[in-house]
Structure formats: structure tokens, C-alpha cells
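Quick notes on the structure that follows.
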Amino acid sequence: MSLYENIKEKIMDNLVQAANTAKGAGEFSFEELPAFVLEEPRERQHGDLATNLAMVLAKQAKRSPRDIAAILIKHIDTTGTWIEASEIAGAGFINFRLSPLWLTGVIEEVLKAGENYGQVDIGKGQKIQVEFVSANPTGLLHMGNARGAALGDSLASLLTMAGYEVSREFYINDAGNQIHNFALSLEARYLQQLGQDAAFPEGGYHGEDLIETVKGLITKIGDKYVSVEPGLRREFLVRYALDEKMRNIRETLQDFGVNYDVWFNEQSLHDSGAVRSTMEELEKKGYIYEKEGAHWLKSTLFGDEKDEVVIRSNGAPTYFAADIAYHRNKFERGFNRVINIWGADHHGHVARMKGAMSALGYDPDNLQVILMQLVRLIQNGEVVKMSKRSGQYITLRELMDEVGKDAARFFFNLRDPDSTVDFDMDLARAQSSDNPVYYVQYAHARLCSILRQAEEMGDTTAPASELELQRLESSEERDLLKKMADLPSEITIAARLMEPHRLARYVLDLAGLFHTFYNSQRVLVEDEGLRRARLSLVRAVRQIVSNVLGILGVSAPERM
RNA sequence: GCGUUCGUAGUUCAGCUGGAUAGAGCGUCAGACUUCGAAUCUGAAUGUCGGGGGUUCGAAUCCCUCCGAACGCACCA
């Protein structure tokens with residue numbers, strides 16, 4: 001537990017103690033201590049920490065919050081808490097002012113922990129899987145996938161920082177109807193490129209990339225497959241194209257800073273019989289019935305709006321059936337929690353997937369789905385409908401080429417997944433130098449620059465002493481130190497809420513506080529002790545900026 | 001029609017389990033480089049938190065209702 005978290009916990013404990021003491025002394029009574037908070041007030045004048053304990057006790061104690069506050073203050077043991085002053089304010093808040101001396105400990109804490117600063121252990125080594133992107137291998141990655149990739153990867157890093165054992169996974173939909181469609185589209189393109197008369201299938205994939213794939217293939221094998229039996233021809237084309245598409249997807253994601261632990265094939269679930277055995281399991285439990293020749297899952301028993309088909313009347317399993325088998329497989333692999341990142345257009349799928357897990361005897365709460373609102377593409381001030389089938393979309397590759405990996409990842413992680421993002425490529429291109437990511441990266445480069453110059457001046461890297469660190473007493477320095485002390489709590493909250501965007505906000509704030517400090521105080525001053533103290537501060541800030549950018553998958557440049 | 005998510009400054013967006021006077025970036029206006037990086041900083045202006053009702057000592061946050069938007073409601077995935 002971090003220094004700051006320790007202090008807060010100690011004060012919380014002492015507050016509980018104080019309430020119990022008062023109760024014992026008969027000064028007021030309560031059955032059970034209600035939940036209360038100890039937090040940093042927004043207004044600086046309200047001190048460093050404030051609690052609402054007196055207010056939440058008021059009802060049970062049948063006394064006014066301010067009276068209760070006065071009694072509590074009387075009983076609070078402040079030893080070891082750094083509390084310097086306590087006062088009653090407003091409706092009955094108790095505000096604490098801490099001695100600023102505790103802050104200097106933060107620097108030592110950061111420098112000691114290094115790249116591990118910010119690590120907390122709410123995960124306690126639990127195994128979590130984060131499945132994200134899982135784009136259909138029938139085309140290139142687009143903006144929506146980019147958002148999913150930025151969110152999923154950063155969430156995985158965040159959870160790792162919070163003490164979970166995390167596995168990143170990509171589910172490859174390489175089976176089913178869409179693959180059949182894909183095959184027909186490829187076949188048509190192949191024949192067309194060779195001058196044959198071939199009709200493009202209804203609902204086929206119109207993307208230009210498909211034509212490129214076929215052209216590439218033709219330079220290798222020519223018209224060899226024109227005269228081959230269609231079934232074999234399609235199988236060959238699909239295998240070739242899927243292989244190429246998946247290689248492209250892997251490389252693109254890797255360039256976007258995303259590295260998966262597992263690439264999972266849907267086809268393997270069919271091959272291994274997992275889909276069939278899962279359906280049999282559900283049938284044995286009585287959750288499957290037949291109607292109009294198809295097999296249905298009674299998902300309404302688990303809160304779904306309607307029952308769902310799992311086996312079509314033609315005997316083929318639906319995508320849903322395979323997905324149930326897939327999620328069962330995840331739990332069988334021993335994950336305590338499984339997180340999926342889905343586009344908001346899949347929200348109808350959530351209830352039935354959780355329902356299916358309940359039916360199989362798993363706790364549906366261990367399957368958590370983060371729904372990400374869609375990314376809308378704006379062109380010439382109008383919304384452009386993106387779709388793989390229409391072939392009209394901006395690819396992740398184009399996005400990286402135009403605005404860069406760092407700007408793109410920061411852009412997406414600055415937003416709550418629940419908010420719809422309008423993305424205007426022209427605007428993004430024009431404003432890319434205004435992207436907030438550069439504000440943070442600039443802070444990092446500036447921090448590095450100071451350290452470089454200190455080194456050139458022959459400044460030793462000797463750490464500042466406790467006494468020297470206590471000379472960091474300007475309000476700019478203290479604000480900065482407090483923010484630095486806050487990182488472990490931020491990680492805890494962000495991990496609990498599964499919201500990496502909180503860290504993007506955090507590091508923006510931190511960078512801002514640093515820039516303010518930089519403009520008001522000089523680091524490389526004559527006074528050796530003070531210089532050592534400020535250099536230690538600079539080193540610590542640099543470490544934190546680097547750590548947080550790391551979680552967000554954004555690089556921390558030493559110069560720019 | 002039913003369901004999910006959303007509606008906060010001119011604009012793009014933050015705002016954990018309800019807390020005190022709702023915050024940033026961009027834009028606008030006024031300032032700061034012979035000194036560690038001006039991709040920076042300082043200051044100013046800007047709001048019926050979509051409307052209405054309710055719960056509460058206290059609501060942008062929870063509940064109801066209305067309005068508006070996006071997305072779902074296939075033997076597609």
C-alpha cells in the first residue's frame with residue numbers, strides 16, 4: 001500500500017474508533033456505522049481531506065451533523081496521521097489539514113519503486129482474460145477496431161498494474177456463414193481479374209483490399225484455379241485470403257502497440273467437437289427445445305428478451321452456439337473473470353451470453369462486457385456509414401499513417417467508452433499538433449532535457465536527503481507531489497471501474513502541474529541542496545509520466 | 001412499439017461508491033521568451049448540467065416521466 005493510501009486508511013480507522021468511543025461514552029448512539037467517505041475536497045480552502053461521517057451518522061444518532069462532528073473531533077487520535085488541524089465546516093463536514101512534510105516521502109517512494117510505481121494489489125493474482133478487437137478476418141481493421149484496440153490493450157495493462165494476471169485474446173471468426181460469403185466474393189474477384197464473367201454475390205465483400213489480395217495471388221499461381229472444381233477453388237481461396245488477412249491484422253495491431261497472448265480460432269471449436277458437446281450439455285440440463293426444425297435455447301429463463309436458435313433447421317450451428325462454446329472454454333481454462341469488449345451494436349448479445357453462462361452453471365457476473373459506443377466517421381460535415389461490406393471505411397493503418405499511433409491511442413483513451421465518438425479525419429489531421437498527447441509527451445521531453453543538462457553540468461545523481469526534500473514547499477511543488485501520491489488510488493479506481501481513460505486524464509493533470517511548476521521555479525539553481533531536491537522531484541515526475549503513458553500504450557520521448 | 005446507451009460552456013469532452021462555489025482542451029480576449037525546451041505559462045469571459053417531478057440534510061450523479069440522438073430487436077455475425 002502506498003504512503004498516501006496508508007495515511008488515508010489510518011485516518012479512516014481512527015474515525016471509526018472515534019465514533020465507537022463516543023458511542024461507548026454515551027454521547028450519541030447508532031446501530032451500525034453507515035458507509036462514509038474520506039476524500040479530497042475540491043476546494044483547497046477545505047483542507048487536504050474531508051469526511052462526511054458526521055452527516056451520515058446524523059439520522060441514527062438523532063443529533064445535528066455539526067454536533068456529531070464536534071464530538072468526533074474530540075475523540076480522533078491524530079498520532080501517526082500527519083493531521084495538523086481538524087475543523088467543522090459546512091453542513092457538518094470534518095476537514096483535515098495535513099502537515100506537508102509527509103509529501104516528501106512520495107519522491108523516495110516513486111524513485112524506489114521505479115517503473116512499478118502505481119502498482120497496487122487489488123487483483124491478488126486473479127486470472128483475468130480480456131478479449132478485444134476480434135475483428136472479422138474478412139477485411140482490414142477500421143476505426144471501431146482502433147478504439148477497441150486502444151481500450152482493450154490499455155485496460156489489460158491497467159489490470160496488470162492493479163495486480164491481476166491478465167491474458168489478452170483475439171477471437172478469430174474463421175467459420176460460419178460470413179466465411180462462406182467471403183469465399184464467394186473471393187471467387188468472383190478471382191475470376192473477374194482473369195477476365196471471366198462472374199457475378200458478384202449478394203451480400204459479398206466489396207472492399208478494394210479483396211481485389212488486391214486476389215491480384216497478389218494471381219501473380220503467384222496465375223489462372224490455375226479457374227478450371228478447378230468450385231468447392232475446392234473456394235476452399236483454396238479462403239485459406240489463402242484468411243492467412244493473408246490475419247497476418248495483416250496481427251502486424252497492424254502490433255504496430256499499434258498491441259500484443260496478444262492468445263489467438264483463438266472459432267474453427268477449432270467445431271473441429272474439437274466443443275460446440276456439439278456444449279449443446280449436448282445444455283440439452284441435458286433441459287434448456288434446449290425443438291421448434292420448426294431448429295434447436296432453441298431457453299434464454300428467456302435468464303432474462304433474455306426471446307429464445308435464440310442455436311442449431312438451424314439445416315443442422316448447422318449458429319454463431320451464437322459457437323460463441324457459447326467459446327465462452328465456456330474460457331472459463332474451463334481457469335479464468336476468474338472474463339472481460340469482453342464489444343461494439344455497442346452487439347449489446348443485445350450481452351443478456352443471452354450471460355444467460356447461456358448461467359445455464360452452464362457459471363456465475364454470469366464473472367463475464368463482464370464493456371460496450372463501446374461506435375465511432376462515426378465524418379466527412380465534409382456528414383456522417384459516413386462505415387461497413388466492411390460496402391468497403392467504405394478508414395482503416396487503422398491509415399489512421400496511424402495520418403495522425404500517428406500515440407495521438408490515436410491517446411485520443412480514444414481520453415474518452416469514456418460510453419460516449420459516441422465523431423471522427424473527422426480532416427480535422428484530426430489538421431489538429432494533430434493540438435492533440436493533448438503532445439502536451440504530456442512534451443512534459444516528458446522537458447523533464448528529460450533538465451536531467452540531461454544536470455548531467456552535463458556534472459551534477460551527481462546523488463539522491464536528495466530528507467531534509468533537502470522538505471525544501472520543496474512552494475504551492476506548485478506541493479500540488480505536484482499530491483498528484484504524484486495519488487497515482488496508486490487512481491489505478492485502484494480505474495481498475496475497479498475498468499476505465500483506463502481515467503489515467504489519460506490523470507497524466508494530463510500531472511503534466512499540467514509540472515508545466516506550472518516549471519514556469520514558476522527553476523530546477524537547476526545554484527543552491528546545491530535545493531537543486532538536488534528539485535532534481536529528485538523531476539526524476540520522480542518523469543518516472544510517473546513514463547509509467548502512465550506506458551499503460552496507455554503511448555511512447556514517452558526523450559526529445560521531440 | 002420494446003430494449004440498451006447517451007444528452008454538461010461557442011465546440012470537443014471530463015466529472016468512482018450522491019457532498020461544499022460544476023471543471024479541462026480548443027476557440028475568443030489581455031499578458032509572459034537575453035535565464036533549465038513558448039509544442040509552455042499567467043489572467044479574463046462563457047452554463048436553466050435536455051425539460052418537469054420525486055427520494056435525500058445534500059442530486060450533473062439515484063428513481064419516475066416527457067423530449068431528442070445513436071444502436072439493437074434474423075434459423076446474419
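A, B, ... follow the sequence lines: proteins, then strands. Residue 1 opens every chain. All heavy atoms count here, side chains included; hydrogens, waters and symmetry mates do not.
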My understanding is that only residues two or more places apart in sequence, or in another chain, count here; which of them pass salt bridge (Lys or Arg N to Asp or Glu O under 4.0 Å) with [X]?
X: A/E477; result: A/R534
X: A/R328; result: A/E281, A/E332
X: A/E39; result: none
X: A/R531; result: A/D459

Next item on the list: For RNA chain B, just give me the dot-bracket, please: Watson-Crick or G-U, both distances below 3.5 Å, ( ) intra-strand, [ ] crossing earlier pairs, | paired with another strand, . unpaired.
Entry: (((((((..((((.....[...)))).(((((.......))))).....(((((..]....))))))))))))....
Using the 3.5 Å cut-off, write out each protein N or O paired with an N or O of nucleotides 31-33 of chain B and the distance between them.
none

Check: Within the structure shown, what part of the strands sits under 4.0 Å from A/T516 by heavy-atom distance: base, sugar-phosphate, or nothing?
Finding: sugar-phosphate
Margin query: Students often get this wrong, so: under 4.0 angstrom with heavy atoms, is A/I493 touching a base, only sugar-phosphate, or nothing?
Written below: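 Base contact.
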Side-chain N or O of [X] versus OP1/OP2 of [N]: is the shortest distance under 4.0 Å?
X: A/Y439; N: B/rC41; result: yes
X: A/Q521; N: B/rC36; result: no
X: A/T420; N: B/rC71; result: no

Any residue meeting side-chain hydrogen bond (donor to acceptor under 3.5 Å, both in side chains) with [X], in chain and number order, not counting sequence neighbours:
X: A/D509; answer: A/K483
X: A/K298; answer: none
X: A/E290; answer: none

Note to self: Tell me whether A/K306 is salt-bridged to A/E308, with the criterion being a basic N under 4.0 Å from an acidic carboxylate O.
What the structure shows: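 Looking at A/E308 together with A/K306, the answer is yes, because their closest N to O distance falls below 4.0 Å.
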Check: If you check every side-chain atom of A/H347, which of B/rG3, B/rA14, B/rG19 has the closest atom?
Finding: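 Nearest listed nucleotide: B/rG3.
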Margin query: Closest approach to the side chain of A/T318, judged atom by atom: which nucleotide of B/rG19, B/rC16, B/rA77 is it?
Written below: B/rA77
Item checked: Residue pairs fulfilling salt bridge (charged side-chain N to carboxylate O under 4.0 Å, His left out) with at least one residue in residues 486-501 of chain A, sequence neighbours excluded -> A/E499-A/R502
Residues 512-519 of chain A side chain polar contacts: donor-acceptor under 3.5 Å, at least two apart:
{"residue": "A/H515", "atom": "ND1", "partner": "A/R446", "partner atom": "NH1", "Å": "3.0"}
{"residue": "A/H515", "atom": "NE2", "partner": "A/Y439", "partner atom": "O", "Å": "3.3"}
{"residue": "A/T516", "atom": "OG1", "partner": "A/G512", "partner atom": "O", "Å": "3.0"}
{"residue": "A/N519", "atom": "ND2", "partner": "A/H515", "partner atom": "O", "Å": "2.9"}

Notebook entry, point to check: In residues 522-530 of chain A, which residues come under 4.0 Å of RNA chain B by heavy atom?
Noted result: A/R522, A/V523, A/L524
